[in-house]
There are 2 protein chains.
Amino acid sequence: MLGAGWWARGRGFWRLLQPLEPRFGAGGRSRLPLRQHAAQGSCRPAEIGLQPRRDKYGGLSVSLSQLRSPESLGEATFQRWLQDSVRQWKAEGHIAVWLHVPILQSRFIAVAAEQGFTFHHAESHSATLTLWLAEGCSRLPIYATHQLGVAGAVLDVHTGKVLVVQDRNKTTNAWKFPGGLSEPGEDIGNTATREVFEETGIKSEFKALLSIRQQHRHPGAFGKSDLYIICRLEPSSFSISFCQQECLRCEWMDLTELAKTKEATPITSNIARLLLYGYREGFDKIDITMREFPAVYTGLFYKLYHRQLPEDWRNTTNLQ
Amino acid sequence: MLGAGWWARGRGFWRLLQPLEPRFGAGGRSRLPLRQHAAQGSCRPAEIGLQPRRDKYGGLSVSLSQLRSPESLGEATFQRWLQDSVRQWKAEGHIAVWLHVPILQSRFIAVAAEQGFTFHHAESHSATLTLWLAEGCSRLPIYATHQLGVAGAVLDVHTGKVLVVQDRNKTTNAWKFPGGLSEPGEDIGNTATREVFEETGIKSEFKALLSIRQQHRHPGAFGKSDLYIICRLEPSSFSISFCQQECLRCEWMDLTELAKTKEATPITSNIARLLLYGYREGFDKIDITMREFPAVYTGLFYKLYHRQLPEDWRNTTNLQ
């Protein structure tokens with residue numbers, strides 16, 4: 001996890017983790033395996049079957065899933081091992097420890113917490129705790145900070161009508177674009193078309209991004225930040241069959257009417273006006289278009305969204 | 001947390017949580033407090049000092065921080081209470097339970113896990129677990145899925161030069177725009193200017209977004225998704241004093257040269273060409289500009305980014 005090349009791309013978090021590395025020698029790493037280090041100290045941690053792995057940033061990673069018979073390891077034994085180990089790791093100049101705990105071994109979390117470990121993140125059946133060993137505040141990278149919501153503005157260019165819904169559960173029923181939260185690993189455009197289909201029964205195709213909104217401390221995001229993207233979509237089906245559990249109403253509404261009405265959420269009104277401008281003056285005026293590129297680190301493809309660049313500007317040989 | 005109004009805005013996750021509510025009566029909620037419900041059952045959970053709170057989506061929330069003397073609560077007692085409670089909650093038609101556990105009470109996490117609870121998220125000194133009680137797969141909203149990285153393309157329009165850096169820790173030292181991860185609650189433009197200053201010593205001002213990239217299963221994001229935004233910035237200082245720990249080199253480079261060179265990361269080359277196009281033909285061709293609006297739910301302001309809309313299009317009265 002921490003050995004991945006990403007941080008080395010200078011996204012700004014690991015920059016301060018470097019100074020301690022020279023302690024381990026010219027290569028930035030110790031040439032001795034950990035146990036040999038331990039044997040040199042006066043307070044060698046008892047062997048309990050956990051072998052820390054180093055990362056290239058001066059940190060260590062310990063996974064309790066390594067325990068062959070975790071049920072036979074007492075909290076007191078683990079407490080002594082962790083206390084001795086932390087003392088040793090600090091002496092060796094390691095700057096941080098990552099502790100991975102399977103949920104069924106969670107009784108060890110409180111033990112670690114008593115020694116200063118805190119939760120970094122947890123999901124499903126595993127928690128990851130950290131302890132900063134170096135001077136000053138922790139400079140470890142934080143976990144995901146944003147949820148991503150995506151809505152679709154589906155415009156039928158032949159009729160000038162746009163697909164809007166009213167929520168069933170809202171006190172004031174304002175018109176809005178159908179949308180929802182992005183699922184893990186889902187591309188922005190796919191969230192838009194999936195949510196539009198689930199809510200309205202309309203099939204559509206992604207054309208471009210229209211807007212990005214950022215909100216912080218969002219109550220619906222468990223206090224995290226919220227990014228909300230509205231996409232321009234083109235419909236490939238037209239017969240509405242809306243989700244009765246979520247929507248009170250669903251209509252193809254004249255775009256000019258949506259841009260004017262007060263019965264719309266503020267962001268819907270704003271984007272309706274933007275969309276109307278694009279509809280009348282050309283979508284190239286409003287579109288943030290998408291291109292796909294191979295990703296160096298994951299072997300997957302990534303999508304890059306920006307203003308359309310004329311073809312001759314994409315070709316470097318033409319630049320003077 | 002779950003009572004917040006956000007979900008009612010139809011972002012698509014709570015839609016399927018509604019059908020069970022009528023069990024509680026016309027108002028969608030039970031009119032009896034939980035303990036009275038419990039007294040009617042044959043298997044009333046023992047009183048251990050935990051009082052579940054209901055949310056309006058048919059779920060319950062239990063916080064172990066309510067325990068007045070958690071050290072005196074045994075795991076076996078908690079196990080029986082949770083087992084009996086889960087049975088009762090299911091019988092009452094609740095669809096899900098949220099269990100909030102302070103890190104020092106983590107010994108109860110494994111107990112809950114044995115009854116099917118899993119981690120929803122954890123941070124710092126607290127973990128939140130969930131158990132889905134209704135039929136089918138859990139339809140609870142997921143936690144933050146994206147980290148956000150922001151870089152700044154600082155262009156000095158008087159010289160046509162742009163600020164670029166080379167990472168100290170990268171094998172091939174390709175030019176790139178300075179940037180880093182967004183801190184919690186930080187606006188996109190502020191991340192860009194802060195990171196540029198920290199890496200290069202250059203002060204700058206946010207002008208517009210230029211591009212958005214989405215990558216999934218990112219090794220540097222603990223397997224989560226990564227959003228990476230490049231902003232157009234204008235410098236207000238010009239004397240470079242770069243971070244030696246992070247950067248190997250830092251320069252004001254001619255934008256045309258950056259757009260042509262092969263010694264740049266692919267995304268840097270692409271955005272350099274886009275920026276050059278804007279520099280020569282007008283930034284209005286490439287900018288995704290920002291406006292600020294009051295946020296309904298948080299009392300804060302949010303920032304909305306989209307293509308600049310001519311003034312007369314913003315005024316609804318002009319629309320016909």
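Chain naming here is simple, since letters A, B, ... match the order of the sequence lines and numbering starts at 1 in each. All values below come from the heavy atoms of this structure, side chains included, with hydrogens, waters and symmetry mates left out.
- Chosen from B/Pro266, B/Pro184, B/Pro310, the residue pairing most often with chain A at heavy-atom distances under 4.5 Å is B/Pro310.
- You'll find the side chain of B/Val150 stays beyond 4.5 Å of the side chain of B/Glu195, heavy atoms only.
- Ranking B/Gln166, B/Met290, B/Arg291 against chain A, the residue ahead of the rest is B/Arg291, based on heavy-atom pairs under 4.5 Å.
- Chosen from A/His120, A/Glu257, A/Arg107, A/Gln105, the residue pairing most often with chain B at heavy-atom distances under 4.5 Å is A/His120.
- Between A/His121 and A/Tyr143, the angle of the ring planes stays under 30°, which puts this pair in the parallel group of the 30/60° scheme.
- Looking only at heavy-atom pairs under 4.5 Å with chain A, the residue among B/Ser124, B/Ala151, B/Ser126 that has the most is B/Ser124.
- In this structure, chain B has a heavy atom under 4.5 Å from the backbone of A/Phe117, while its side chain stays farther away.
- Interface residue B/Ser225: only side-chain heavy atoms are found under 4.5 Å from chain A.
- Chosen from B/Leu104, B/Leu209, B/Asp287, the residue pairing most often with chain A at heavy-atom distances under 4.5 Å is B/Leu104.
- Considering only heavy atoms from C-beta on, A/Leu274 stays 4.5 Å or farther from B/Trp313 through its side chain.
- With sequence neighbours excluded, no residue satisfies ring pair (Phe, Tyr, Trp, His ring centres under 6.0 Å) with A/Phe197.
- B/Thr289 places a side-chain N or O within donor-acceptor distance of the main-chain N or O of B/His306, the cut-off being under 3.5 Å.
- When B/Asp187, B/Leu129, B/Thr130, B/Ile230 are compared by the number of non-hydrogen pairs under 4.5 Å with chain A, B/Asp187 comes out ahead.
- Heavy atoms closer than 4.5 Å to chain A are found in the side chain of B/Glu281, but not in its backbone.
- Note: A/Ile103 leads A/Thr145, A/Ile103, A/Thr118 in heavy-atom pairs under 4.5 Å with chain B.
- Looking at B/Ile288, the atoms closer than 4.5 Å to chain A (heavy atoms on both sides) all sit in the side chain, from C-beta outward.
- Two residues are said to be in side-chain contact when any heavy atoms from C-beta on lie closer than 4.5 Å; A/Tyr57 and A/Leu140 fail this criterion.
- Looking at A/Tyr277, both its backbone and its side chain come within 4.5 Å of chain B, counting heavy atoms on both sides.
- Using a 4.5 Å cut-off between heavy atoms, A/Ile271 contacts chain B through its side chain alone, with no backbone atom that close.
- Of the residues A/Lys224, A/Gln215, A/Gln214, the one that meets the side-chain hydrogen bond (donor to acceptor under 3.5 Å, both in side chains) test with A/His146 is A/Gln214.
- Contact count versus chain B (heavy atoms, under 4.5 Å) is highest, among A/Gln308, A/Glu123, A/His125, for A/Glu123.
- One N or O on the side chain of A/Arg307 and one on the backbone of B/Lys285 form a donor-acceptor pair closer than 3.5 Å.
- A donor-acceptor pair shorter than 3.5 Å can be found between the side chains of B/Thr256 and B/Asp254.
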